[in-house]
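Just the heavy atoms: all of them, side chains too, but no hydrogens, waters or symmetry mates, feed the values below.
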Amino acid sequence: MDDVVTWGRAAHGGDSSAVQDQLKNVQQIQGSQFAFAAILHDGSVVTWGHAAYGGESSAVQDQLKIVQQIRASYCAFAAIVGDGSVVTWGDPAAGGDSSAVQDQLKNVQQIQANDCAFATILGDGCVVTWGSAAHGGDNSAVRDQLKNVQQIQGSQSAFAASLGDGSVVTWGDADQGGDSSAVQDQLRNVQRIQASLVAFVAILDDGSVVTWGNAGCGADSSAVQDQLKNVQQIRASYCAFAAIVGDGSVVTWGHAANGGDSSAVQDQLKNVQHIQASSCAFAAALADGSVVTWGGAAYGGDSSAVQDQLKNVQQIQASQSAFAAILADGSVVTWGTAAAGGDSSAVQLVVVKVLPVFENLRGKMSITVDVGLLSGKTATVKAGLDEEVGALKRRAQIALGVGRGRLVDSSGSALDACAPMRHTRLQNGDLLTLHIHRVQVEACRLSFAAILVDGCVVTWGSAAYCGDSSAVQEQLKNVQQIQGSQFAFAAILADGSVVTWGDADHGGDSSAVQEQLKNVQQIIASGIAFAAVLDDGSVVTWGNAGCGADSSAVQDQLKNVQQIQASSFAFATILADGSVVTWGHAANGGDSSAVQDQLKNVQHIQASGCAFAAALADGCVVTWGGAAYGGDSSAVQDQLKNVQQIQASQSAFAAILADGSVVTWGTAAAGGDSSAVQAAEAAKTAVERLALLRLDESSAAVEQEKACREQARFNEEKAMSGCLEFY
C-alpha cells in the first residue's frame, strides 16, 4: 500500500485531505467507528476522522514511533511500540486514555480489544486493562487472580483469560460472559476457550463443556448438557456452538438461526468426522463421505441445491458465508453466498474419466481408452490385455499431461496397477475415473483457488480478494503450486515464473519484482506477504513491507537458502552453512538478534503464528518471537536435549526427544502445557516397562527350566547306555 484514498462522510474519516501529504508508504490501516489510523513504513502513525473516536492523535504523536501493532475499540486506538509499551488515544471511556495504567504497560506481549476496552498480557503473565469498566476495562475485582495468563479471548463486551493451572478468570459485561461465577466451580482443568460474539465455552480435560454469557447465543447449554460428554471438537459461529462427541454425533446450542438448532438434521448427524463453521452456519462431514448442513441458508446452512453432488467428501473449507467441499475424485462442490465463494459453477473443477472400448489390434486383444477431461481436453490411448493396468494409467497421464493418480472403477475400488488388464474384468462401456494426486485447492479468507489436472487454475469467491483471476487467466497455464496469503494468491508455473493476483497490499501485485521471479523453486506465504526461493538459493519477496515483503536489510545474506518458514508476519530461512536469517515484524519472529549467536548448525525450523523454533544439530532448540506463541522456551530449556522433531500449533510448540518423550511450551490452551498427560504417559510407560521386565524374567525362567529338562534327558540317555560318569 502507498497512497490512501478516502471517501464518505467527512467528519467520520471520509475526508483525509488534511493529512493526505503524510499518507505515503502506508503499511496498515485500522478503523474505529468514525476514524482511521495508518502505520507508515517508518513506524510512525497518521490519523484522521472524528477526534473523539481517535481521529486526533497530536497529543501522543511524539510517542508513536516504531509502532508494531494497532488495535481499535469502537472509538479508541491502542498501539504497541518498539520498546513493548503501549500508546493510546481517542475516547477515554473506551480505552483512549491509559494513563492510569501506563506505568504497568511494559513488555506487552499481546493485546485484545472489544467494543470499549483493551486487555494486554505482559511478559510475566499478568494482565493490564483499561477503558469502559462495564466492558472489561477494569479488572481490579479479579486482578490478583490474573497470574500466569496463557490466553485471552474477548466477546463484544467481556474478556476471559485461561491460566496456567487450567482455571479461568472472566470480567466485563455479565450478559456477554464477563461473569462466570455461576460456573466457576466447574472451570477446572480447562484445555481451551472459544467465544462467540456474546458467549464463551470452555472444554475441560475430561471432554465435558462449560458455557456462560448470553443465554440465547450459546451461554445456556443446559438443554444439551447431558449430551456434552467426551467432546472431541467444537466450532463456533457468531451466536451458536456445535460439538462432536465421542460416538460421532453432534450436539448444538445457541441462536437457532446461527446453527444452534440442528434438530431438522439430527438423525443424519451420525459418524461425523469434522465440522466447519461459517459466520452463521455449520457443515459436518460424515464417515460415508456425505455432508450435512444447518443454520443460516445464506451462509451455507442450506446445501440442498448441491446435496446430490456431496458424495465421497474428503475435506471441507469455509469462508465467511460459504463452504467448499473437496471430493475424492478431486472435484469441488460449493454452496452459500455466491460473492463469498458459494457459487463455483463458472469455474467448475475437472474430473478425469477413462472410457474403455475393446478392439482386436493386429491379432492381439487390446483396449482403446478414451480419456476425457470435463474441460473438453481428450486423448486416446491403448493397452493390451496382457499389459498391466499401470501401463494404461501411465499412457493416460502422459497424453493428458497430468500427474500421478490411480484408476478407480464404478464401485469405488482402486485397480491394482500391477494386475494384467485381462484380470480387471472390465466390460465394454465401463466407466473408470482417474484420481489425480496433484489436484490442489487453496483458500484465502474469502476466496478459493484450484489447480486443475491440466495445469490450469480456477478461482471463485470475493472478486475484490483474489476470487477473480480473469486479469491473469491467460498466464495461468502449467501451474505447479499455489500459495495464498490472507487476500492474495501466487502461482508457480512449470517454467519457474510466478503469477500473482488479489489484494496488492497482501502480495497480489508482484510487478515490482517480476523480473526477478525466474526459476522459482518454492513460494511461502505469511499473512500478508510472499517469499520465493530461486534455484540459485536467493530469495525474492513482495507484499506488505513491514510484515516480510521488504527483505532489503538482509538481502545480501540470503544466499544458498535451504529452507524457509513463515509466521503470520515474518520469515526465517536456513542457509547452507546452518545459520538463520530472519526479517519481517519483529514481534512475530522477524528479529532473531537476541539469539543469533546460538543459531548455528540449524537442521530445521518450525513456525507458530508469531514465533519460531529451530532444532540444532546437537539436539538443542532455540526459540524467538512472541513469548505467548512459543517464542520463549526458557521454562523448558533444560529438557530440550536430543530433540528429533518439532511440531507447532498456532500458539505453542511440541518437541519429540530421542527417547520418545515430548516437551511442550507456549500458550497452555493451544497445547503448550502437556503436564496433565505427561504423568499419565509416564505411568503407562512404567507399567509397560514392568510388564516387559516380568516377561523377560518369565522368559528367562522358562529357558532355565528347559535347559534343566534337556540336561536331565541327556543324563538319562547316558545312564541307559552305561556311559554316565559320576563326580
Side-chain angles (χ1 to χ4, degrees), residues 1 26-31 37-41 43 67-72 79-80 109-113 317-320 341 442-449 461-462 464-467 481-491 498 500-510 513 522-533 539-551 564-573 582-592 605-613 624-626 628-631 648-653 666-667 670:
M1 185 185 299
V26 174
Q27 304 302 301
Q28 179 190 1
I29 295 178
Q30 281 286 326
I39 303 177
L40 307 189
H41 179 69
V67 173
Q68 306 294 307
Q69 182 185 29
I70 292 180
R71 286 284 183 266
I80 302 176
Q109 302 296 306
Q110 179 186 347
I111 187 167
Q112 288 287 347
Q317 295 286 349
S319 68
Q320 190 79 359
E442 183 76 13
C444 71
R445 182 169 292 182
L446 294 173
S447 301
F448 298 92
S462 173
Y465 294 110
C466 61
Q481 179 197 3
I482 292 179
Q483 280 289 322
S485 65
Q486 285 186 344
F487 296 127
F489 289 112
V498 172
T500 59
W501 68 98
D503 191 299
D505 299 328
H506 286 70
D509 180 4
S510 57
V513 295
Q522 181 187 16
I523 292 179
I524 296 293
S526 68
I528 48 181
F530 292 94
V533 182
V539 172
V540 179
T541 56
W542 69 98
N544 186 290
C547 295
D550 182 5
S551 58
I564 187 166
Q565 288 286 350
S567 66
S568 294
F569 302 117
F571 293 94
T573 63
T582 60
W583 70 97
H585 197 293
N588 279 250
D591 180 5
S592 58
I605 294 177
Q606 282 287 355
S608 66
C610 299
F612 294 96
W624 68 98
Y629 294 83
S649 68
Q650 182 69 14
S651 306
F653 292 96
T667 297

To the nearest 0.5 Å, tell me how far Gln486 CD sits from Asn544 CG. 10.0 Å

Just verifying a value: how many Å separate Ile39 CD1 and Ile70 CD1, rounded to the nearest 0.5 Å? 4.0 Å

Between the side chain of Ser592 and the main-chain N/O of Thr582, is any donor-acceptor distance below 3.5 Å? no

Residues in side chain to side chain contact (heavy atoms under 4.5 Å, CB included) with [X], at least two apart?
X      : result
Ala488 : Ser485, His506, Phe530
Ala570 : Ser567, Asn588, Phe612
Ala566 : Ile524, Ser526, Phe571
Ala491 : Leu476, Val479, Ile482, Trp501

At their closest point, which heavy atom of [X] faces which heavy atom of [Y], and how far apart are they?
X      : Y      : answer
Gln483 : Ile523 : CG-O, 3.2 Å
Trp583 : Ala531 : CZ2-CB, 4.4 Å
Cys466 : Phe489 : SG-CE1, 3.3 Å
Ala607 : Ala648 : O-CB, 3.4 Å
Ser551 : Thr541 : OG-OG1, 2.9 Å
Trp542 : Asp509 : CD1-O, 3.8 Å

Residues two or more places apart in sequence or in another chain: which of them pass side-chain hydrogen bond (donor to acceptor under 3.5 Å, both in side chains) with [X]?
X      : value
Ser651 : none
Thr573 : none
Ser568 : none

With the side chain counted from C-beta on, respond yes when His585 and Gln68 share a heavy-atom pair under 4.5 Å apart, and no when they do not. yes

ring-ring contact (aromatic ring centres under 6.0 Å, His included) partners of Phe569, counting only residues at least two apart: none

Applying ring-ring contact (aromatic ring centres under 6.0 Å, His included), name anything that partners Tyr629, two or more places apart in sequence or on another chain. none

